[in-house]
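Chain naming here is simple, since letters A, B, ... match the order of the sequence lines and numbering starts at 1 in each.
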Amino acid sequence: MHDMRFNIPGKDLNLEPFALKIPDFQKKCEVMITDKGYKSRITNIVPLSDHERLFLLRIVDPHERELFNFRPGQFLMLEVPGYGEAPISISSSTSNHEFIEVCIRKAGHVTSALFEAKQGAMVSIRGPFGTSFPMEEMQGHSVLMVVGGLGIAPMRAPLFWIGNHRDRYKDVRLLYGAKEPSQLLFDYQFEEWQKVSNVDLLTIVEKPDDSWKGNVGLITALFDEFTLEPEDTYAIVCGPPIMFKFVCNHLDKRGIPMNRMFVSLERRMHCGMGKCCRCMVGSTFTCLDGPVFDYWSVMNLKEAI
Amino acid sequence: MKVDFDIDLHHLTRVEGHGNIHISVRDGRLAEAAWAVVETPRFFEAIVKGMSAERTPFLTSRICGICSISHTLASIRALERAMEIEAPESAILIRQLAMYGEHLQSHPLHLFFLAAPDFLGTPSALPLLHTHPEIVQAGLQLKGLGNEISSVTSGRCTHPVSLVLGGISKAPSKEQLADLRTKIADSQAALDRTTDFFRTLTIPDFVRETEFISLRPAEGYPSIGGDLVSTDGVVHDENDYLLMTNEYLTDSSTSKFTKVSRESSAAGALARFNNNADRLHSRAREVAASFGLEPVCHNPFMNNVAQLVECHQLMEDATLLIDRLLDMDLRDTRATWKPRAGKATGAVEAPRGILYHCMETDDDGKVVKADCIIPTTQNNANIHFDLHALAEQALREGRTEAETEKLCVTLVRSYDPCISCSVH
Amino acid sequence: MNHLGFKLDKVKVGSFDFTCCEGCQLQLANKESTLPEFLGLIDIRNFREISSERHDDYDIALVEGSITRSDEIERLKAIRAQAKVLVAFGTCACFGGVNSLKNRIPQEEAIREVYDGKKIETMPSMKISDIVEVDLSIPGCPVSKDEVERIMVGIVTRSAVSLPKYPVCVECKQKLNTCLFDLGEICLGPITRAGCDAVCPTGKTACLGCRGPAEDINFPSFEELVLDRKLSISDMKEKLGFYNGFGDYLDHES
Amino acid sequence: MIYKVISKPEFKAFIDAIVRVNNAYGPCQVEIDAKGKPIYQFKPVKSADEISFDYTVTHSSAKHFFLPFRDELSSFTFTDGNWEQEVRYDAPPTILIGLRPCDINAINILDDVMLHGPYPSPYYLARRKNTFIIGMDHLPLPDCFCKSMNRHTVNHGFNLFCSDIGDRYYLSINSANAFSFLKEFKIEEPSYEDNCNLIERRKSIKNSFETNVEVTGLPVFLDIEFDSPIWQKWGDKCLSCGSCAMVCPTCYCYSVEEKFDIDLKGSSRQNHLYSCNLVDFAQVAGGHNFRPRNGDRLKYRYYHHYRGFAANDNQQICVGCNRCGRACLANINPKDVINDLRLERESCTTCVSTSPEKT
Ligand SMILES: Cc1cc2nc3c(=O)[nH]c(=O)nc-3n(C[C@H](O)[C@H](O)[C@H](O)COP(=O)(O)OP(=O)(O)OC[C@H]3O[C@@H](n4cnc5c(N)ncnc54)[C@H](O)[C@@H]3O)c2cc1C
Ligand code: SF4
Ligand code: SF4
Ligand code: SF4
């Protein structure tokens, strides 16, 4: 810190500098406040499809690793030094303190650099940021999860959570749609979800290939496959904006109250801390007030969909 | 020994623009030696017609990327004289400083990047980064200094932004000027190191008597304006530039040729030195003497040395100028003016020699006629005849084709030709 | 840089000039403070202005200047055939530059004016993209070395290479300049692509639009502004026409 | 707060003494515009003579002393197979002289945004803590509307505030440091007359406002008018040049860029001030732009300023200095836009009120 001295010529003054010490933030707030991230190693890279990969990140410092706690639905800012940051949903179980999983689609510069990175590469993460799915509030009720494409990334955390506390929820149903069968990610986990977590999984694709035996069409077609008790059901919807518009509309008609439907929004983000204003929707920030919003708020947010 | 060979160099490298050398030797005798400029013409004199006087210097600046300040100031000088605009003294001094900046950028660029590899036998200056790091460093420091002077005085080092009709649109701050002064002082060591280094190089022995033309102002070393003089005793007023150029077209070049009293004449650092050695500061004089350079020197290879001598001169001049500027009020550096009809010439000493812009305006201040004569144009004929003489000398001395070729390209580069500029 | 587990190679660069002042190429040798590092990024394979060594195995071609003679078309096509990335380097290459002013007058007249009617081959000036496909444009008269450095680093590291989409005013305001419109002058800053750090308005001269139009500009509003302030339309046109970057807007008049 | 009075020459001596040895900025005349009016900016000063104490308003706000147009957030140094990150947020002590009440209020608003909430910004805090602010009141210009925004007076956020009461300044001293420096000069207890003069001065300032913008109920009103055609009407004028946001004392939206060092041995993450009016503000990977039209973007700036964002308690962040209106080349200013919106609603005609006179 620089010192500031006020020297008044002709007068012999020795005043204390007014520059104050910067208070220790780390003590005041539990969350990280500076630009400094947790250094993490990419310990494993799992190819999921041509454009999507799962990265396993391990925070290098054991203490920091312990400190990193998040809730399902939250995201982090993933920094690839030299290339920049991108907001990425955390795709692993909240109880997994060893690794953080992120599922990434190659979209631009940061994500492309990540795709070139090798196992062992060092990246940095800031976070967790944002709101989460109300896992406690949903207890004692049925949960309907509707996922389109890469929307599965933020959905894995709640899935893991439910798997760990399966007895607290009634019926749990996952509707999962994609363009092509190859874009249904994590198919290796389908069995686990169905058998171990007792999740009723329904999949559908728009463009089937020869080996596809399942449902064909848009995800809304799956709604005829089951009955639902609107008063007793919570819905979580993740996917492209156009999808959740249709889905939520449909669920609204089926009688699920708007404040029991949750969606995860995506916007351009630069800081993750509600400062840069890049992610504002209406008068809220996707990073602070979101990314998880209930549908009532989304309806009331200007330009949300 | 009867030899036959042809040297055909298309698009000579390490010069600005496109020029070709053609030498043909038959039966051990020189059959032909020619210098041809094949640059694509840009027709500046035609496109400037109808342009507002205010904008014209910005356009003519684009004649050359290396000496854009000279072009800008030549146009400004011509137009100010034509329209009787009087720029404030502070502005005139800042322009002068800008000129020094340009020379101090252009000379090191030529000496280190374009010429030095010839003397050291490398294809470019890039290997010197490893073999002569301290010299490259000195070169970069000097060139950087030149660029910085240009940026501070004119807003940017290439294509100046604040040199305008009537003065300077934004004067540098005193802090910037004081900072420049320190930087100049700090660069003296680099220049001395460079000078010592150049003393170790062998300058080819070649002499062809010619007429050297340059400006000669009322006082000081030539830069902006003055009488047009030659080593053959010619003296003309600035406006009579045509008598000093006598442009003519040749078949082989898109650039014109010029002459004064003889078949060719030369402009540039050596010409300025030959005509104005008496105006040099003692330090520059000593440096010249240490290279055995004295007026009138007829060895074109010595142009490199003359550039070095000028660097010494300009660093000193720049410091003196900054001292004057620091004592002046720099708030009002731009005079208001009204358009009017007129015609005048603006002559400046660009790094490569005298540059003329002649401008005629109408009542609305639009340019109706323009003529620009570029230093390299004034050197074309001299290069051409020098090549001839040099090739003959080389044959006499029994040099090989490769040696001859090397001498010829080194000769052309010694002129530091600015070819795209000569075809404007 | 191997914290990500991969190495970056130097890129092989060729620099070529056509009809122009060579000021943009010269910028490659400017900014002396970082020149050694800059040269560390690239492997110069072909650059007549500074090196006698010429190889034709470059990947990136920096092409400076506009096209005004038929032999230049062939040379340019050959460069395109070799280069993986062809960069239009500077305003002349991107838009035609000041050379395009000649297109307003009949070619014979221009030749008569300058060469007394001697036979000289020339044709209306064209920008590079009129002839070959351009992968990347770096506008500027001259180009800004900072931007060139940034883009070269971007190419070498395969990270972001893009130009600002917003206009010069943003940078100008950040320099705390007085707006030239307030001083009674027309400035093309509001419609010209930023990236030059507003050098011209900072030197208190109008932006002449050397970097061409910014993304999605509001030209009608700009014209309105000039009319509103009772500034000269002919002055506006002279400025818009200076570098040929605004040809599309000059043509359909309001 | 301690109140004192000081004679103008003595005040000048005080200012002179502190600016001589410190990194100080004050209003300076930088230009005379085409209409013959002076233009002021906050510039570095080394003596009191350089400061225009009687200035009207600076063209740009003092925001960039706290939120620089470009700022390094952190830097990385690459090592073999690894990297180190360094975050620095130290700020040199700085003195700002002559800030108007609205300018200080704007900084107080930035304090709310940057220092409250879950993620206080250390970069901002460092600068804020190390800046010594000397405020000065002034008579409003014809187009000032800070009174409408209730930002024409200020009672915190400065170290020292001076009210002009004729031949002396009435000082509100708000920091121990300010007080100890002032003690070395001739300051006096305010007399009864001084107090009266201060009240008179405040009254005269309050009564001098010529421009009024009706902002009561505006937040709700803006929500209702979200789809109003008025936005595109003004958007059609907007040049999307960002000038408004650059000069505004409270526009703080930014962009983050990361770039490699030229030797590729490190990189640096920087933020730079952006504007929601710039064309790619809401553009995401793949090219989709959430706000493709000028009108959508312009609307967002007004939303941020007059409706407020949840993140800062939905408070209106405009302080009514009209810098944006003055800087706008397309003649867009808050008063006209808001009145237009209200008129559209209240009379259902699209007539535009006359613009306030620019200064
Ligand atoms: C809350 C949230 C969660 C996300 N989760 C995932 C995920 O789990 N997996 C995944 O693959 N993608 C996810 N995304 C999208 C991902 O952030 C973008 O694809 C990514 O930023 C593209 O960055 P880039 O540098 O590769 O692209 P570029 O186009 O090069 O990015 C340039 C800049 O724009 C910003 N940007 C561009 N697009 C977006 C966008 N859609 N959202 C936010 N910022 C953007 C980036 O931060 C970057 O700074 C998420 C986005 C948000 C907002
Ligand atoms: S001077 Fe030009 S670039 Fe600067 S703000 Fe004004 S119009 Fe924009
Ligand atoms: S201000 Fe305009 S003319 Fe000047 S460099 Fe920038 S874009 Fe080019
Ligand atoms: S929006 Fe305009 S009037 Fe309001 S604070 Fe910003 S610049 Fe001032």
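More than 12 heavy-atom neighbours from other residues, nucleotides or ligands sit within 6.0 angstrom of NZ on C:K10. For C:D57, the CG atom is densely surrounded, since the number of other residues' heavy atoms within 6.0 Å is greater than 12.
Note: C:Y166 and D:H272 have tilted aromatic rings, judged against thresholds of 30 and 60 degrees for the angle between ring planes.
The shortest side-chain heavy-atom distance between C:E224 and D:N331 does not fall under the 4.5 Å cut-off. A 4.5 Å side-chain heavy-atom check between D:K237 and C:N218 finds every atom pair outside the cut-off.
Interface summary for chain C: among D:D236, D:T58, D:V30, D:N277, the most heavy-atom pairs under 4.5 angstrom belong to D:D236. Between chain C and the options D:I262, D:L278, D:L273, D:L239, heavy-atom pairs under 4.5 Å are most frequent for D:I262. Your options are D:F76, D:F281, D:Y274, and the one with the most heavy-atom pairs under 4.5 Å with chain C is D:Y274.
When the heavy atoms of residues 25-39 of chain C are compared with those of chain D, the residues falling under 4.5 Å are C:T34, C:E37, C:F38, listed by number. When the heavy atoms of residues 133-151 of chain C are compared with those of chain D, the residues falling under 4.5 Å are C:E149, listed by number. Residue-level contacts of residues 191-215 of chain C with chain D, in order of numbering, are C:K204, C:E215; threshold 4.5 Å between heavy atoms. Among the residues in residues 169-180 of chain C, those with a non-hydrogen atom closer than 4.5 angstrom to a non-hydrogen atom of chain D are C:C169, C:V170, C:K173, C:Q174, C:L176, C:N177, C:T178, C:C179.
With a 4.5 Å cut-off on non-hydrogen atoms, C:V168 does not touch chain D at all. Of the atoms belonging to D:S243, heavy atoms from both backbone and side chain fall under 4.5 Å from chain C. Proximity to chain D (any heavy atom under 4.5 Å) is shown, for C:L183, by both the backbone and the side chain. With a threshold of 4.5 angstrom between heavy atoms, D:P68 does not approach chain C through any atom at all. With a threshold of 4.5 angstrom between heavy atoms, D:N82 approaches chain C through N, CA, C or O but not through any side-chain atom.
Rounding to the nearest 0.5 Å places CD of D:E258 at 9.0 Å from OG of C:S159. Put simply, NE2 on C:H3 and CZ on D:F78 are 4.0 Å apart, with the number rounded to the nearest 0.5 Å.
Listed here is the closest heavy atom pair of C:G184 and D:A34: N-CB, 3.7 Å.
Checked options C:V226, C:L225, C:D228; the residue passing with D:L329 is C:L225 (criterion: side-chain contact (heavy atoms from CB on, under 4.5 Å)).
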Open item on the list: If you apply the rule side chain to side chain contact (heavy atoms under 4.5 Å, CB included), what do you find for C:D182 with D:H59, and how did you get there?
Closed with: CA-CA 11 Å; C:D182 288 341; D:H59 188 75; 4.1 Å; yes
